[in-house]
Amino acid sequence: MDIGPVNHEVDFCKVYDMETKEKVERILLKNSISYFVEWEDKGVGGLFFFKKPREKSACIFRIHSDEVSRAKELLKPVLGSKLKETGGKA
């Protein structure tokens, strides 16, 4: 269920591996940027059963809209050219 932006929360970036996810989380936490991670599950089974995220699962980081420019600067070394605006919101 997608309820859209909540409390000025916007889609910031999408990552596809656990190593990058953990790097992004460390940087956001170290710099006091709160975030929410939404796991993408393309299978129907994800609707009914809790699944542990797989190594190759994709996840979307959502952050407060006021933090986007600061987070982009902080995450350039990790995401580099992969850091793209998602849906024109970030």
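Along the sequence shown, the residues carry numbers beginning at 1.
- Formation of a donor-acceptor pair under 3.5 Å by the Asp17 side chain with backbone atoms of Glu19 is found in this model.
- Taking CD of Glu67 as the reference point, atom CD of Glu9 lies at 12.5 Å (rounded to 0.5 Å).
- The two residues Arg70 and Ser32 have their closest heavy-atom pair at NH2-O, 4.1 Å.
- One finds the OG1 atom of Thr20 at 9.5 Å from the CZ atom of Phe61 (value rounded to the nearest 0.5 Å).
- Cluster annotation: Leu79 and Phe36 are assigned to distinct hydrophobic clusters (Ile/Leu/Val/Met/Phe/Trp/Tyr, side-chain heavy-atom contacts under 4.5 Å, transitive).
- Contact record, Phe12 with Ala71: CZ-CB, 3.6 Å, taken as the closest heavy-atom pair.
- Partners of Glu25 by side-chain hydrogen bond (donor to acceptor under 3.5 Å, both in side chains), not counting sequence neighbours, listed by chain and number: Lys21, Tyr35.
- Taking NZ of Lys72 as the start and CD1 of Ile63 as the end, the distance is 9.0 Å to the nearest 0.5 Å.
- Cys13 SG to Leu28 CG: the interatomic distance, rounded to the nearest 0.5 Å, is 7.5 Å.
- Interatomic distance, Ile27 CD1 to Leu74 CG, rounded to the nearest 0.5 Å: 7.0 Å.
- Under the rule for a side-chain hydrogen bond (donor to acceptor under 3.5 Å, both in side chains), Arg26 has no partner lying at least two apart in sequence or in another chain.
- Tracing side-chain contacts under 4.5 Å through hydrophobic residues (I, L, V, M, F, W, Y), one reaches Met18 starting from Val24; they form part of the same cluster.
- The line from NZ of Lys14 to CD1 of Ile60 is 5.0 Å long, rounded to the nearest 0.5 Å.
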